[in-house]
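What follows is a single structure, written as structure tokens, with notes after it.
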Amino acid sequence: QSVMTQPPSASGTPGQTVIISCSGTGSNIGSNSVKWYQQLPGTAPKILIYNNYQRPSGVPDRFSGSKSGTSASLAISGLQSEDEAAYYCATWDDHLNGVLFGGGTKLTVL
Amino acid sequence: QVQLQESGPGLVRPSETLSLTCTVSGGFISGDYWSWIRQPPGMGLEWIGYIHYSGSTHYTPSLRSRVAMSLDASKQQFSLRLTSVTAADRAVYYCARGPIAGYEGWFDPWGQGTLVTISS
């Protein structure tokens, strides 16, 4: 089954580091690079991470990505109120033969 | 920088065809891949498929029988057609550039999105 699992919610206080996980399988995360998106309320998603850990220009280095085996993580350090958003992982799935998004994690900044 | 803008009817009757167009500005449509992604209200993202400037396409298997994408380079536009729509097709539809540099799942930028409601 082609599914990538993210926790539905996460939270943290300003200045903290929050880690959001994305669990997949050998047909998706295990064999393809992971991307991360931030979706602020009412807006389109924005790329944060591509190729597991690389940041496009303009993305603050507070955002970092990693991958190990069939799981990936997005870390947000120095948490700010404007980081309150939904975060999605994405990758190619070889069984699906298409792009797969995780279910999304809603981050609340307390 | 490249900007994308979706356009099309916001209301489609059940069993009819959803048609949307994405206009690319600030850059050229040539040489790149262009995708459609949708998001039912309050839910997650679903990739629909992509079209290359050359005209080659790739669709997600679950929608392949109902989807068609086309591209008009002279107008800097690419389009989505989804046939036989049902209430399950109600979503915000986004167009986006990508995949980028061979990285499947890397979409940037995105259009602002357009909500399509299915109702008689």
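Basis for what follows: all heavy atoms, side chains included, without hydrogens, waters or symmetry-related copies. Sequence lines set the chain letters: A, B, ... in the order given, protein chains first and strands last, and positions in each chain run from 1.
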Exercise for the section: Please go through B:F28's hydrophobic cluster and name the other residues, only I, L, V, M, F, W, Y counting, with side-chain heavy atoms under 4.5 Å joining them. Expected result: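 Listed partners: none, B:F28 stands alone.
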Handout entry: Hydrophobic cluster (4.5 angstrom, side-chain heavy atoms) - remaining members for B:L11
Key =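 The other cluster members (ILVMFWY side chains, heavy atoms under 4.5 Å, direct or chained): none.
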Between chain B and chain A, which donor-acceptor pairs sit under 3.5 Å apart?
unit_1: A:K35; atom_1: NZ; unit_2: B:E104; atom_2: O; d: 2.5
unit_1: A:Y37; atom_1: OH; unit_2: B:G105; atom_2: O; d: 2.5
unit_1: A:Y37; atom_1: OH; unit_2: B:F107; atom_2: N; d: 2.6
unit_1: A:Q39; atom_1: OE1; unit_2: B:Q39; atom_2: NE2; d: 2.9
unit_1: A:Q39; atom_1: NE2; unit_2: B:Q39; atom_2: OE1; d: 2.8
unit_1: A:Q39; atom_1: NE2; unit_2: B:Y94; atom_2: OH; d: 3.2
unit_1: A:N51; atom_1: ND2; unit_2: B:Y103; atom_2: OH; d: 3.4
unit_1: A:Y88; atom_1: OH; unit_2: B:Q39; atom_2: NE2; d: 3.2
unit_1: A:N97; atom_1: O; unit_2: B:H58; atom_2: NE2; d: 2.7

In terms of hydrophobic clusters joined by side-chain contacts under 4.5 Å, are [X] and [Y] together?
X: B:I48; Y: B:V85; value: yes
X: A:F63; Y: A:V18; value: yes
X: B:L115; Y: B:L45; value: yes
X: B:V67; Y: A:L100; value: no

Exercise for the section: Sort A:A90 into side chain, backbone, both or neither according to what part of it lies under 4.5 angstrom from a heavy atom of chain B. Expected result: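 Looking at A:A90, just its side chain touches chain B.
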Practice task
May I ask you to check whether over 12 heavy atoms, not counting those of A:I19, lie within 6.0 Å of atom CD1?
Solution key: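 No, not enclosed.
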Exercise for the section: Please state whether the side chain, the backbone, both or neither of B:I100 comes within less than 4.5 Å of a heavy atom of chain A. Expected result: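 Neither the backbone nor the side chain of B:I100 comes within 4.5 Å of chain A.
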Handout entry: All side chain to side chain donor-acceptor pair (under 3.5 Å) counterparts of A:Q16, not counting sequence neighbours
Key =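 A:Q16 satisfies side chain to side chain donor-acceptor pair (under 3.5 Å) with A:T13 only.
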Practice task
Kindly give the heavy-atom pair with the smallest separation between A:A44 and B:G111, and that separation in Å.
Solution key: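 Answer, listing the atom of A:A44 first, then B:G111: CB-O, 3.2 Å.
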Problem - Residue among A:I47, A:V34, A:V99, A:I49 with most heavy-atom pairs under 4.5 Å to chain B - result: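 Answer, by heavy-atom pair count under 4.5 Å with chain B: A:V99.
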